[in-house]
Amino acid sequence: QVQLVESGGGLVQAGGSLRLSCAASGSIFSINAMGWYRQAPGKQRELVAHITSGGATDYANSVKGRFTISGANAKNTVYLQMNSLKFEDTAVYYCVFWTDLRDYWGQGTQVTVSS
């Protein structure tokens, strides 16, 4: 079964940067979009950024101007460049691929920003 594998999380000081990566363990076809969610303790999961197969991007207001999503459908990979990190960005980050048949989710990677 194809899985999404995330990497790049960790501990960083406020103002720092991290780059998250997400790659599929096998081939996934008919990807309509890819994205990143996050969930902080005690909070609902929220959509941080997504990118369509055509390259259109959208971001949560809280990360606009600081985060950049990029992806390569052909390589089944998606990235999230996070700059100017804030304490409130601390969360578990999940990648997701949306296809015609189903959604694929990663296992989550912890991002912790120290103030």
Side-chain angles (χ1 to χ4, degrees):
Q1 185 175 355
V2 177
Q3 296 179 329
L4 300 187
V5 180
E6 297 143 342
S7 60
L11 174 64
V12 64
Q13 288 189 332
S17 298
L18 284 174
R19 186 177 189 239
L20 304 183
S21 301
C22 173
S25 60
S27 297
I28 299 177
F29 301 98
S30 302
I31 297 174
N32 297 317
M34 299 182 285
W36 290 91
Y37 277 79
R38 68 184 180 187
Q39 187 166 22
K43 295 188 177 181
Q44 290 188 331
R45 189 173 295 190
E46 65 169 340
L47 180 60
V48 175
H50 81 280
I51 182 168
T52 70
S53 58
T57 59
D58 197 16
Y59 298 90
N61 287 334
S62 58
V63 306
K64 280 182 181 177
R66 300 188 297 120
F67 290 11
T68 302
I69 188 171
S70 60
N73 279 19
K75 295 182 179 180
N76 289 173
T77 57
V78 65
Y79 306 96
L80 186 67
Q81 178 66 43
M82 305 185 294
N83 299 328
S84 302
L85 282 161
K86 304 177 181 180
F87 176 76
E88 50 265 38
D89 294 318
T90 296
V92 178
Y93 285 70
Y94 301 88
C95 62
V96 56
F97 287 10
W98 291 281
T99 76
D100 290 342
L101 296 179
R102 55 163 289 185
D103 305 339
Y104 294 82
W105 286 83
Q107 80 286 354
T109 186
Q110 177 70 46
V111 171
T112 302
V113 184
S114 61
S115 57

query = Which of these, Val92, Thr90, Leu20, Leu11, sits in a side chain to side chain contact (heavy atoms under 4.5 Å, CB included) with Val111?
reply = Leu20
request  = Can you label the angle between the His50 ring and the Trp98 ring as parallel, tilted or perpendicular, going by 30° and 60°?
outcome  =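 Rings of His50 and Trp98: perpendicular, as their planes differ by over 60°.
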message = Please verify the inter-ring angle class for Trp105 with Tyr94; under 30° counts as parallel, over 60° as perpendicular, anything in between as tilted.
response = perpendicular
Nearest non-hydrogen partners of [X] and [Y], listed with the distance:
X	Y	value
Ser17	Ser84	OG-N, 4.3 Å
Arg102	Thr99	O-OG1, 2.7 Å
Ser115	Ala14	CA-CB, 4.3 Å
Phe97	Ala24	CE2-CB, 4.3 Å

task = Please list all pairs passing the disulfide bond (SG atoms under 2.5 Å apart) test where one or both residues lie in residues 40-76, with sequence neighbours left out.
result =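 Qualifying pairs: none.
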query = What residue pairs, at least two apart or across chains, pass disulfide bond (SG atoms under 2.5 Å apart) with a residue in residues 67-100?
reply =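 As it turns out, the disulfide bond (SG atoms under 2.5 Å apart) pairs with a partner in residues 67-100, which skip direct neighbours, are Cys22-Cys95.
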Atom [atom1] of [X] and atom [atom2] of [Y]: how far apart are they, to the nearest 0.5 Å?
X	Y	atom1	atom2	answer
Asp58	Leu47	CG	CG	7.5 Å
Leu80	Phe67	CG	CZ	6.0 Å
Leu4	Ser21	CG	OG	12.5 Å
Met82	Arg19	CE	CZ	11.0 Å
Leu18	Gln81	CG	CD	8.5 Å

Check for me, please, whether [X] and [Y] land in the same ILVMFWY cluster - side-chain distances under 4.5 Å, paths through other members count.
X	Y	value
Val78	Ile31	yes
Val113	Trp36	yes
Met34	Val2	yes
Ile51	Tyr104	yes
Val12	Tyr79	no

ask   = Short question: side chain of Tyr59, backbone of Ile69 - any donor-acceptor pair under 3.5 Å?
value = yes
request  = Give a yes or no answer on whether the side chain of Ser25 reaches the backbone of Gln3 with a donor-acceptor pair at less than 3.5 Å.
outcome  = yes
Distance-only side-chain donor-acceptor flag, Ser53 / Asn32, under 3.5 Å = no
key: Residue pairs passing the salt bridge (Lys or Arg N to Asp or Glu O under 4.0 Å) test where at least one lies in residues 70-94, sequence neighbours excluded   =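 Pairs touching residues 70-94 that pass the test: Arg38-Asp89, Arg66-Asp89.
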